[in-house]
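Below: one structure, written as structure tokens.
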Amino acid sequence: MSIGTHEIQNWQGPRQYRNSEKLLASSDPYWQAAADHGLIDIHVEAESNNRLFVRETGHEFINMCSCSYLGLNYHPKVVQGAIDALEEARSLGLSLANTRIRHDLLFRLEEELGDLFGAYILPGVTCSVLTAGILPLLASGHLAPGGPRVMVFDRMCHFSMAYVKPICADETLVLTSPHNDLDYLEDVCRKYPNVAYVADGAYSMGGAAALDGLRELQERYGLFLYLDDSHGLSIFGERGEGYVRSHLGVNPLTILVATLSKGFGCGSGAVAMLGDRKAQSLLMRHAGPVGWSSNMEIPIVGAALASAELHRSSELGELQRRHQSNIDYFDELFPTAHAGNGLPVRRIDVGDADRAVKLSAELYRRGYYSSAVFFPIVPRGEAGLRIMLRADLGREQIAAFVEDVKDVTGVTGVTGVGG
């Protein structure tokens with residue numbers, strides 16, 4: 001059968017959710033500028049988050065972009081947990097889809113984290129894998145009664161979630177809401193009988209979801225909440241259950257995903273926290289890459305088990321208090337738009353992407369890696385430097401960093417209200 005003229009003329013996609021040509025044309029020049037300034041593909045050895053060094057040049061620097069907010073990626077017990085699991089299993093993993101067979105260590109981790117966080121646990125290699133598997137089934141209506149759900153993605157939701165929009169659009173209507181706009185979301189809930197909202201709990205560029213308002217919409221309209229709390233896990237809650245879980249309970253209309261590579265300190269791995277046992281079983285079987293891909297490798301499972309044990313100890317509270325103290329200290333020295341929100345991400349806005357890259361390069365020369373962020377990481381015209389505050393930073397290091405930031409930027413901080 002021959003291809004018709006109409007088919008040839010319309011072979012390009014509608015680009016409703018993605019336009020790679022436009023994206024690359026807008027962003028790659030800045031990535032190239034970062035590469036030209038030596039800020040991309042840096043090869044390092046490291047003895048801590050505060051001492052990384054390039055062997056070829058001898059350059060040493062502090063990583064101000066590490067998401068290991070409590071410093072657990074270097075904690076001796078977490079590292080030893082990885083070693084112990086490897087010695088116990090004598091293997092890196094079973095090398096097959098975990099739908100059919102799971103190593104007992106992984107099952108043990110599911111049970112341990114389920115008890116720790118008060119939820120049914122679905123583990124995965126990354127949040128991206130979990131999201132790619134879960135969201136299409138949420139869109140199709142298989143995770144809660146009522147049929148397909150209109151999927152509302154917050155405009156600022158993480159790329160790993162926005163990436164799945166086209167797949168969800170094959171199942172249902174997909175909308176993009178203004179950031180944290182509860183009025184918009186309520187209008188959608190009034191118009192459609194089944195709605196799901198996809199957003200971050202604590203955002204990777206700063207700020208947080210409007211959790212109190214979302215709880216009210218869930219109670220009033222049965223709104224399904226799918227929230228990524230990767231930047232809130234471990235640093236909030238008596239057991240490190242995270243920013244979202246400290247405000248919202250897990251229920252059959254809420255799914256939380258979070259990486260274990262940030263505050264939890266494991267370098268890899270992720271979990272979905274579910275409020276429904278049936279949903280856990282369904283997702284194990286049908287959530288695409290969650291089932292057909294291999295799961296976390298044995299050393300990561302062992303590290304996670306050791307970190308979970310730390311989360312039950314008094315040390316967690318001590319690390320959380322030290323972390324919060326460092327956040328408050330930075331805010332005192334250099335107030336930004338998100339000062340005072342208690343979250344660890346700070347952004348120093350400079351506007352121009354080229355300037356952001358040059359400032360990042362100068363800070364790197366002075367011994368600090370602070371990544372320049374620009375479109376599409378942030379909206380056009382809102383380029384800047386992203387800072388991650390951690391418990392394992394000393395006050396003298398924070399103070400010295402702030403003095404260098406003031407020197408290279410020429411500003412002393414900008415107060416404002418974070419979103």
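The residues of the chain are indexed from 1 along the displayed sequence.
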Please name the residue in the list Ile300, Asn295, Val301 that meets the side chain to side chain contact (heavy atoms under 4.5 Å, CB included) test with Leu109.
Val301

Test applied, side chain to side chain contact (heavy atoms under 4.5 Å, CB included); reference residue, Phe264; option that passes from Leu72, Leu113, Ile235, Asn73
Leu113

Residues in salt bridge (charged side-chain N to carboxylate O under 4.0 Å, His left out) contact with Arg390, at least two apart in sequence or another chain
Asp392

[X]: which residues meet the ring-ring contact (aromatic ring centres under 6.0 Å, His included) condition with it, sequence neighbours left out?
X	value
Trp292	none
Tyr192	none
Tyr30	Phe374
Phe330	none

Sidechain-backbone polar pair: [X] side chain, [Y] backbone, donor-acceptor under 3.5 Å:
X	Y	answer
His323	Leu319	no
Arg239	Asp115	yes
Glu171	Arg149	no
Thr254	Val250	no
His158	Ser160	yes
Asn49	Asn63	no
Ser230	Thr259	yes
Ser313	Leu310	yes
His37	Ala33	yes
Asn194	Gly146	yes

Residues Asp328, Gln324; criterion side chain to side chain donor-acceptor pair (under 3.5 Å); working and verdict
CA-CA 6 Å; Asp328 294 341; Gln324 191 60 59; 3.2 Å; yes

Heavy atoms only: give me the nearest [X]-[Y] pair and the separation to one decimal.
X	Y	value
Cys127	Ala270	N-CB, 3.4 Å
Ser370	Leu363	CB-CD1, 4.3 Å
Arg386	Ser204	NH1-O, 2.9 Å
Leu138	Ala196	CD2-CB, 3.9 Å

Show your reasoning for whether side chain to side chain donor-acceptor pair (under 3.5 Å) applies to Lys262 and Ser66.
CA-CA 8 Å; Lys262 292 183 169 63; Ser66 171; over 6 Å; no

Does anything in residues 377-405 pair up under ring pair (Phe, Tyr, Trp, His ring centres under 6.0 Å), and if so which pairs, sequence neighbours excluded?
Tyr368-Phe401

Pairs satisfying ring pair (Phe, Tyr, Trp, His ring centres under 6.0 Å), at least one member in residues 112-152, at least two apart:
none

[X] atom [atom1]: more than 12 heavy-atom contacts under 6.0 Å:
X	atom1	answer
Glu21	CD	no
Glu396	CD	yes
Glu382	CD	yes
Tyr17	OH	yes
Glu238	CD	no

A side-chain contact here means heavy atoms from C-beta on lying under 4.5 Å apart; do [X] and [Y] qualify?
X	Y	value
Glu362	Asp404	no
Pro178	Arg155	no
Glu241	Met273	no
Phe236	Asp229	no
Leu86	Ile83	no
Val44	Phe61	yes
Met156	Asp200	no
Arg312	Leu116	yes

Partners of [X] by side chain to side chain contact (heavy atoms under 4.5 Å, CB included), sequence neighbours excluded?
X	answer
Cys189	Val195, Tyr221, Leu223
Asp187	Arg190
His247	Leu211, Arg215, Tyr243

Report the residues that fulfil side chain to side chain donor-acceptor pair (under 3.5 Å) with Thr172, sequence neighbours left out, ordered by chain and then residue number.
none

Determine whether the side chains of Ser20 and Arg15 contain a donor N or O and an acceptor N or O closer than 3.5 Å.
no

Any side-chain donor paired with an acceptor under 3.5 Å for Asn326 and Arg321?
no

With rounding to the nearest 0.5 Å, note down the distance linking [atom1] in [X] to [atom2] in [Y].
X	Y	atom1	atom2	answer
Met205	Ile377	CE	CD1	6.0 Å
Leu283	Leu143	CG	CG	5.0 Å
Ile387	Ile398	CD1	CD1	11.0 Å
Met151	Phe224	CE	CZ	9.0 Å

Distance flag, aromatic centroids of Tyr197 and Tyr226, threshold under 6.0 Å:
no

Residue pairs passing the salt bridge (charged side-chain N to carboxylate O under 4.0 Å, His left out) test where at least one lies in residues 59-77, sequence neighbours excluded
Arg51-Glu60

Working for side chain to side chain donor-acceptor pair (under 3.5 Å), residues Gln32 and Asp36:
CA-CA 6 Å; Gln32 186 57 50; Asp36 293 341; 2.9 Å; yes

Report the C-alpha separation of Met296 and Val125 in whole Å, then their side-chain angles, then the decisive distance to 0.1 Å, and conclude whether the side-chain contact (heavy atoms from CB on, under 4.5 Å) test is met.
CA-CA 5 Å; Met296 286 181 271; Val125 179; 5.5 Å; no

